[in-house]
2 protein chains.
Amino acid sequence: MALKTRFKRLEGCLKRFLPVGNPLFALRYDESIYSTLSFLLPCTHIFHFNQMTIKKNSLTSLLSVLALLLAASVGYSQHNARYINPFIGTDHMGHTFPGAVVPFGMVQLSPDTDTVPYSSGQGYNPGVYRYCAGYQYSDPTIVGFSHTHLHGTGHSDLGDFLLMPMVGEPRLNPGTANHPESGYRSRYQKDSEMAQAGYYAVTLADYDIRAELTATRRVGVHQYTFNSDKPSALILDMVHGIYNYDGKVIWASVRVVNDTLVTGYRQTNGWARERFVYFAMSFSKPLTDYSLRNEEKEVYGGFWRRWKMDHNFPQRSGRKVKAAFSFGLKKGDRLMVKLALSAVSEQGAVANLKAEAPHWSFDRYRQDAFEVWNREANRITLDATDEQKTVFYTALYHSLIHPSVYADVDGCYRGLDHEIHRQPGFTNYSIFSLWDTFRALHPWLTLMYPHETSDMVNSMLAHFDQSALPMLPVWSHHANDNWCMIGYHAVPVIADAWVKGIGGVDGRRALDAMVRTANYRPYDGLADYMDKGFVPANRSGSSASVTLEYAYDDFTISRMAASLGDTSTEKTFLKRSANFHNLFDPATGFMRARRFDGSFTQPFDALATHDMGYIEGNAWTYSLFVPHAPEKLIALMGGRKRFLPHLDSLFTMHLPEKYYAHTEDIAAVGLMGNYVHGNEPGHHIPYLYNFAGKPSATQAIVRQILTTMYHNSPSGLCGNDDCGQMSAWYLFSALGFYPFCPGLPEYELGAPLYKSAVVALPNGKQLKVLAPKLTEKNIYVKRVTMNGVEIKGHAISHQMVADGGTLEFEMISRP
Amino acid sequence: MALKTRFKRLEGCLKRFLPVGNPLFALRYDESIYSTLSFLLPCTHIFHFNQMTIKKNSLTSLLSVLALLLAASVGYSQHNARYINPFIGTDHMGHTFPGAVVPFGMVQLSPDTDTVPYSSGQGYNPGVYRYCAGYQYSDPTIVGFSHTHLHGTGHSDLGDFLLMPMVGEPRLNPGTANHPESGYRSRYQKDSEMAQAGYYAVTLADYDIRAELTATRRVGVHQYTFNSDKPSALILDMVHGIYNYDGKVIWASVRVVNDTLVTGYRQTNGWARERFVYFAMSFSKPLTDYSLRNEEKEVYGGFWRRWKMDHNFPQRSGRKVKAAFSFGLKKGDRLMVKLALSAVSEQGAVANLKAEAPHWSFDRYRQDAFEVWNREANRITLDATDEQKTVFYTALYHSLIHPSVYADVDGCYRGLDHEIHRQPGFTNYSIFSLWDTFRALHPWLTLMYPHETSDMVNSMLAHFDQSALPMLPVWSHHANDNWCMIGYHAVPVIADAWVKGIGGVDGRRALDAMVRTANYRPYDGLADYMDKGFVPANRSGSSASVTLEYAYDDFTISRMAASLGDTSTEKTFLKRSANFHNLFDPATGFMRARRFDGSFTQPFDALATHDMGYIEGNAWTYSLFVPHAPEKLIALMGGRKRFLPHLDSLFTMHLPEKYYAHTEDIAAVGLMGNYVHGNEPGHHIPYLYNFAGKPSATQAIVRQILTTMYHNSPSGLCGNDDCGQMSAWYLFSALGFYPFCPGLPEYELGAPLYKSAVVALPNGKQLKVLAPKLTEKNIYVKRVTMNGVEIKGHAISHQMVADGGTLEFEMISRP
């Protein structure tokens, strides 16, 4: 058989195996896939959102396909991680990054395509919002590869230690997208780009360099293949950052320890006010030549001028430090770089490097990263289409990026007090975007990752102990609190974990921290809230939202106190949790901001998201934020009879574009009427129908959201993923239940998206979620049984879920 | 007897006891002396350089005098520390500070009278040189009290954590000397100021606050007595610094931990390029109110704006952080402040505070500090006038300030690599001004403080290990090398300590570091030096000085190698040590800078200190810098017959003013002809007569320097004390011997200044230096005996000195 014929057969084979129907969902194989042969990694799905471009002109490709098929045929169901598509959400609103990361990893090694300055001197530059994760799918150039990225946030920071290989005379500035040749930046072809769980690759077109990235928990691993004859260099830019501005880098330092080891650190004043990050970087080939520069004029700093510092001088520090390293590489040579992070010290980074990245096989690191993801993905088996699996497992992937480990391999970590804490007895975590994640992300982790959740709670309690203010974290950000958004939502996270029995937490210590946080009068209108029962509009521009969220948070304290037998605290906070009543305006039927004198603020526009006392929401959304007392809310709003059409209106009304055109956090695609799935305040709302006596509406709307607002596409997220909250909403809802009120050990029932989903619970038990009659028409739930026993009502207890068994939904075609 | 009569008697008594003949040496007693009653501290000499101002109008004064006499009569000879006058050198050139410090203390708590900016935007501001120690005796105002000062340097830095008490509305800027009321600065009367070993006090006239300072090794202790009715505040200025410029403070942070504890840190980019210093400060009374400010506009830093941060908000960070603390003090109240330093962390500072300053008795801290000094001063007993004792014991005091301990109580310290090093097995030291101190200061410490010297050598070896360059320290400056001055003079310090047998040092490790330092080709012309035998003028503006000093340093390596039996290294470096020959110009008789082609640079001016290839010296001085081969030098210069008149000329010639008018490091008073005692390169020269066969000239000139260039006066030093080098020269020379060539275990003999000096050696033995026939005329030495045996030649071995016994100088009136 001629090679060509053989290939044709393989191609046919391939098409049967893999879902290539969607033009956006295509397969490509090249030398990178070839490399899979060496370790038989089952990386069948390598994502491109281009037309299928199979190179038919080489044996390499052929071998690649063979490897691929082999992998696909052996243990297909054991490799759910291959459904993970890191490109989902990288276009426009998702603010995800496509690079390499492992679950809860401290390193997020990913390409940056641009990083518009925070401020251009004329104040805030709205363009920066686009680059929260440093990457936009449609951008034509890549600036380089940096080691820290936030996943899905609506604000950003990080982008530490950008590396970029290049050929030709080393250039230390990034250049511009229009003129990449003016800097080290490079153009790239979209079809040269690929990503899978724990792996990213691209060909830098301007330099003909194949760049591949993978990661361990604390180490970014790079492999650069140089296909050019020209002299090459590796650029390290210590000034580069995401949401940058002149002066963001407080100080930076680089030191060439020997010809294969470079260490350094930088401090930044960004979203995190004072952030320290250290690195240790080792090369697979010895340095032949290097140049460390400080691009700032040095006002002072001793008698360093005596040194010739611009060439092969091993130490440089300052505010604008950059470096170029050369290795005497020839065409075809490969350079591996392993860069470990630490928030503790350069020594800590060196220890992390030694512990996690002892060898020089890029493929083994890649395989290991994939296997870590695979282990997590394999915990859930779905009877679903590939498209559904891709969306689900990518959501799973996105739910396991933050919170991130923020500690060295020896357990040492930098605390909020900027002290180094040793032997804490738990693994320290950071990146808690709590206003977002208390809703579903943390309940998901509590259900599936109780050990990690215990560490996270202990991290929050340590944060409390280390804080100059008696407060649990609001937005824990690498040994800083950036104070983003409102409320004290560490409280529901801890209460939820506690009432669900995660263990490993000192309940009384936790309750004390929760109570002290909730009683810290200087915080955001809290004094007035405590004295008057609401935050006056005079005190806060978000007074209505703040009041409603405090009331909910307080409810969770009362639950925690009850569980600990502290009746006095239980009563105090139960009383406070009724404060939502104080905002209700019977005249308009909405929760409204009130002034100090008790009057409602005027004018009032129920659709406006600004100047009404709400934050990232309007009266419609926020008036429904009483997750701890939905029945009372319904009563307040006139009973089910009036409430149901009100809720229907929310989902069906016409929202004039002016109300969301300038709103950062949602895309038009994330709207259903005036319901905004692209942002968090409404995430519980679809389940409100359960309480209003119309669960079928919950089932229908949840399904509509699941199927229309999450896609296998770079633009497949309808809003910021917000550290995994959007994704966690999907995970729960697709499985048929949702943590409507974290802090209560129960879930509201919806309807599953799959005929069968089998979940391996952390206690070794199995939860089977079955909906055998589910079809495109049978989307309503007639009845639900757990292990054959019908569930009365619209909720299921956490205990039942955690104990496992068979949760069966009987699906029918009409409500 | 009437009170007045009683006082008269006491006054008479006093005059017999105490030397008040010198109008500059006066006694004063006031409430501070009164406080001595409480602990019977024998602080008889409290220095003022004003007319005697005895307050006769109060019982307080009377009691003070009683206490004083009591103290003076009990164990008079046991309290040599009372001769220490911290004001010596505070006027004009000495660059000493009058504040509180203990031997080798990490804290130097002292008033700053001004701190002219390093640069006023038009480049270097020469006015800053005046304020190397932050204090000039004649200045009319005090800015505040800061915790770190360099002793006697010709360049500066530090001034960390300035505290200033004030009354009235808190002001956060320092104000100016002409308009102190525009800031927190205050005027003061000179006669309200006093200082003794470990204690400083002044009355801040604008606020009627009595300020008293004392210190432990790592803690500055303040006591402020408020005599005003007005509201008062304590200012903390984190921007203040010595040799400051806009941007010197890289970052700073202050945190109110509770109402009696405040912690913080700052990083500075000064003479030390990147310097971290942390503090923990506790108050004797709880805070009632405070304000932490950042005076810089904050470009970014998270959502901190939600906080009302200007009043009682417990945390602030940024580049321009200042604070005002209030304590609700009333007239007559006293506030104590204890501020501990650490270079490791705030936790480290808290631990230092707890360990060293556990109680709240200011007087006990003061007494303890005094006693620590007293213990050291009592090791040497002199038969001398009070004036002589004051100069001697103050020199002793000045010789024990630097190097300073740079480690926490638990031994942890910040290394040159900015890592925290734990359990190093030695006490880490910093502030090594080695170009100055290798000459006499380190030999003094090696003789008297071998244990500390061992720690210092180990600190230098650790510095070597931590350095990105294979180099021992040049100027070790708080986890930085500021690279000030030339040579590699850690080498002679280590060699000298080694050949004198200090112990506690790994000799081979040390030799390796010394050799690698001396072979690091990129350093300051070293490659050419190694290849050609001299540093060409094309490579360095100080090529002649550098070559001569390398040659000497190399000699000490050869001695160290010889002592370790490393013959190869011994020979290599002995050969290198002859490189001084390469600079000798027979035509002019001077050591001269040569160009790469071997020719001497032109034009040549033997008196010029600039552009001739010398640094801080001229051809006359530097041509004599061959301490390791003086006989060869003499031969080179034509033999004794030509050398002696040449040396005479040096001391007698007229040096036109133009040659020193603009030279920073010397005062006219520090000149003897063209010999410059106010700067270091010539410190060995007076002893050169010994080698030229005219030791009587050494004896006469050394005596002339001892008696005319060191005084009990604020302007009593003729040049910068340079971390104690000027003082150590005095100590040795006054005792009759001097380490002419550190690295050789011997001392050149001079003539003692006292009829008797008894030195308690560290091994428990005693060295008696006797010159019973010494008079103002009998200043020449006829013969010298050690334990009755005549010493042949003009030197005495270290072993003989260290073994103790009686070193007797037979003094006569003619050479």
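Per chain, numbering begins at 1; letters A, B, ... match sequence-line order.
The side-chain heavy atoms of A:Ser317 and B:Arg273, taken from C-beta on, include a pair separated by under 4.5 Å. The shortest side-chain heavy-atom distance between A:Asp417 and B:Arg255 falls under the 4.5 Å cut-off. Residues A:Ser345 and B:Ile420 have side chains not in contact (no heavy-atom distance under 4.5 Å, counting atoms from C-beta outward).
The nearest pair of heavy atoms linking A:Gln347 to B:Glu419 is N-OE2, 2.9 Å. The nearest pair of heavy atoms linking A:Pro314 to B:Tyr520 is CD-OH, 4.5 Å.
Of the atoms belonging to B:His311, not a single heavy atom falls under 4.5 Å from chain A. Heavy-atom distances place no part of B:Tyr278 under 4.5 Å from chain A, backbone and side chain included. Residue B:Arg319 touches chain A through its side chain alone, counting heavy-atom pairs closer than 4.5 Å. B:Ser253 touches chain A through its side chain: at least one heavy atom from C-beta onward sits under 4.5 Å away, while N, CA, C and O do not. Within the 4.5 angstrom heavy-atom criterion, atoms from both the backbone and the side chain of B:Trp271 approach chain A.
Between A:His155 and B:Phe303, the distance separating the two ring centers is shorter than 6.0 angstrom.
Ion pairing of A:Asp524 with B:Arg306 is present here, as a side-chain N (NZ or NE/NH1/NH2) and a carboxylate O approach within less than 4.0 Å.
The candidate with the highest count of non-hydrogen atom pairs below 4.5 Å against chain A, out of B:Val256, B:Val257, B:Asn312, B:Leu469, is B:Leu469. Chain A forms more heavy-atom pairs under 4.5 Å with one residue of B:Glu298, B:Arg275, B:His418 than with any other, namely B:Glu298. Most heavy-atom pairs under 4.5 Å with chain A, from the set B:Lys308, B:Met485, B:Gln315: that is B:Met485.
Listed by sequence position, B:Met471, B:Asp481, B:Asn482, B:Trp483, B:Cys484 are the residues of residues 471-484 of chain B in contact with chain A, using a 4.5 angstrom heavy-atom cutoff.
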Discussion item. Under the criterion side-chain hydrogen bond (donor to acceptor under 3.5 Å, both in side chains), I'd like the reasoning laid out for A:Glu274 against B:Trp251: C-alpha separation, chi angles, the key distance, then a yes or no.
Written reply: CA-CA 9 Å; A:Glu274 46 186 321; B:Trp251 199 254; 2.8 Å; yes
